[in-house]
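Throughout, protein chains are lettered first and strands after them, A, B, ... in sequence-line order, and every chain is numbered starting at 1.
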Number of protein chains: 2
Amino acid sequence: MTTRARQSVRRRQVLSREQIIASAIELLDDGGEGALTVRALTERLATGTGAIYYHVGTRDELLDAATETVIAAALAARTDPASPAPEDEIRATALSLFGAIAEHAWLATQLTTQFARRPSGPVTVGIFERIGRQVRALGVPQAAWFSATSTLVHYILGAVSQHVRFERDAHGAPGDVGREKFLGDVAAAWQDLDADAYPFVRAIAGQMREHDDREQFLSGIALILDGIARLR
Amino acid sequence: MTTRARQSVRRRQVLSREQIIASAIELLDDGGEGALTVRALTERLATGTGAIYYHVGTRDELLDAATETVIAAALAARTDPASPAPEDEIRATALSLFGAIAEHAWLATQLTTQFARRPSGPVTVGIFERIGRQVRALGVPQAAWFSATSTLVHYILGAVSQHVRFERDAHGAPGDVGREKFLGDVAAAWQDLDADAYPFVRAIAGQMREHDDREQFLSGIALILDGIARLR
DNA sequence: ACCTGAACACCGTTCAAGT
DNA sequence: ACCTGAACACCGTTCAAGT
């Protein structure tokens, strides 16, 4: 009887923090940051606005929680049992983050915000820890740990954010036509720039159209790893 | 008489696009992106909401225009008559952008957005052109122009964005006390992390507290330039 | 403890109307 | 051409009230 009473009390809680965050991520994925409104969320969850504030707090806190959830999942996916070379581990972590931002375009802006606003939060600290351990494993002298790790992390976040747009346009279009069209349009716009003012951008318009996102991302990482190797 | 008539007609235009953008930048500097509301702007300019839309368009377009104005000024400041070494020019451009984001913290998020949303806009193209010319001058083979330039640009934007928070806290506090306190708080939080889960972050907490933003920013650039030098 | 939903103080944007 | 400002359709957040 006590059990029954407890159950009926428990059954009243139909919402959980996790459920709310999951629905928020769906809204963000579908329509970007603007699509996450408290009202859209309550409608999807068939509840009232107060329930959101009871379980997670303000909209900003919900945005933080969504970011933490997605990044934690992306980092957790990289727990290789065999211990690979540090360079491979860095590349793999970078590609995990690359993939996460490609799937969740809203992360690009949100990560910038989190790094600035919450430097001791789980997102900032989680990414630093993962990359930093590999920097240490590379044999970088301790005095350069912070600097070398920061450089890698900054590059990864910056690079990955710009590639989002390309990835986004690739989605929803059959056979990558959307992506090709988008890159073609950008390349054409670059080609049409004033020849005196923008000779360099005009010169690389072709490379920009033909480039492979992941390949170029990895070549940037390779370049930085080369620089780090010289610190040893 | 015709002059007088013309003058009276002209005098009716009391607002200009430039004026609106300048006021918008002031609001953004004072209170961040949230402080730029159409109503706050019309109040400061003693006008109606319609006037904003007549001269510049929507709030998003105003945000774009503000970003373009600040970045154009930052890039224009770097027109050295003597032609310095490419490495120096890259460092100088990077520091110009560093300074611009330090003064206008809202740029951090806004630049990410612009690069993704308007890859052929003046901001994206202007930064690429400035950095790219120096990459070319470094003797990098043409096949690597786009890749090397992208790596530098991504690092600069990523790194500069994270340092904003530190710079911001330095402002308004006498004798840099705010910045030191902020860094001390972050370092303390890093130090308090779980020893098993975050050994690396705990190990670099001290370096993080002592680090000099500009120095570290430049050492990241030096690291990438080292990597680029090996492409030659 | 958990949730509802009306109410409040804001938003961005439009557009008929004025000069 | 340039500008006004009421009106509209939204926001995020709070909080008394319910169970």
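Each of A:Leu62, A:Leu36, A:Val70 was evaluated against A:Leu28; a single residue qualifies, A:Leu36, per the side chain to side chain contact (heavy atoms under 4.5 Å, CB included) test.
Heavy-atom nearest nucleotides on DNA chain D were determined for A:Thr37 and for A:Gly50, and the one closer to the 5' end corresponds to A:Thr37.
Rounded to an integer number of Å, the gap from CD of A:Glu43 to C1' of C:dG5 is 14 Å. Counting to the nearest Å, the C1' atom of D:dT13 and the CG atom of A:Leu41 are 14 Å from each other. In this structure, B:Leu63 atom CG and C:dG12 atom P are separated by 11 Å, rounded to whole Å. As a whole-Å value, the separation of A:Tyr53 OH from D:dC15 P is 12 Å. As a whole-Å value, the separation of B:Ile20 CD1 from C:dG12 P is 14 Å. Separating the CG atom of B:Asp60 from the C1' atom of C:dC11 is a distance of 13 Å, rounded to the nearest angstrom. A:Arg17 places its CZ atom 16 Å from the C1' atom of C:dC2, with the value rounded to the nearest Å. Atom-to-atom, CG of B:Leu36 to P of C:dG12 comes out at 7 Å; the value is rounded to the nearest Å.
For B:His55, the listed nucleotide lying nearest its side chain is D:dC2; candidates were D:dT13, D:dC2, C:dC3. The listed nucleotides are D:dC3, C:dG12, D:dG12; the one nearest the side chain of B:Arg39 is C:dG12. Of the candidates C:dG12, C:dT14, C:dG5, C:dG12 carries the atom nearest the B:Val38 side chain, counting heavy atoms from C-beta on. Looking at the side chain of B:Arg59, the nearest of the listed nucleotides C:dG12, C:dT14, C:dC8 is C:dG12.
Inter-residue side-chain proximity for B:Arg209 and B:Gln191 is flagged as unmet; no heavy-atom pair is nearer than 4.5 Å. Residues B:Gln216 and A:Phe146 have side chains in contact (heavy-atom distance under 4.5 Å, counting atoms from C-beta outward).
Within the nucleic acid shown, A:Ala40 has no heavy atom closer than 4.0 Å to any nucleic acid atom. Note on B:Thr42: nothing from the nucleic acid sits closer than 4.0 angstrom, heavy atoms only.
In this structure, D:dA16 and C:dT4 make a Watson-Crick or G-U wobble pair, each of the two defining distances being under 3.5 angstrom. Taking a pair to require two hydrogen-bonding distances under 3.5 Å in either a Watson-Crick or a G-U wobble arrangement, C:dC10 remains unpaired.
Contact detail for B:Tyr198 and A:Arg133: the closest heavy-atom pair is N-NH2, 4.5 Å. Smallest separation of non-hydrogen atoms from A:Ala35 and A:Leu27: CB-O, 3.6 Å.
Contact annotation: B:Tyr54 side-chain N/O to D:dC3 OP1/OP2 distance is not under 4.0 Å.
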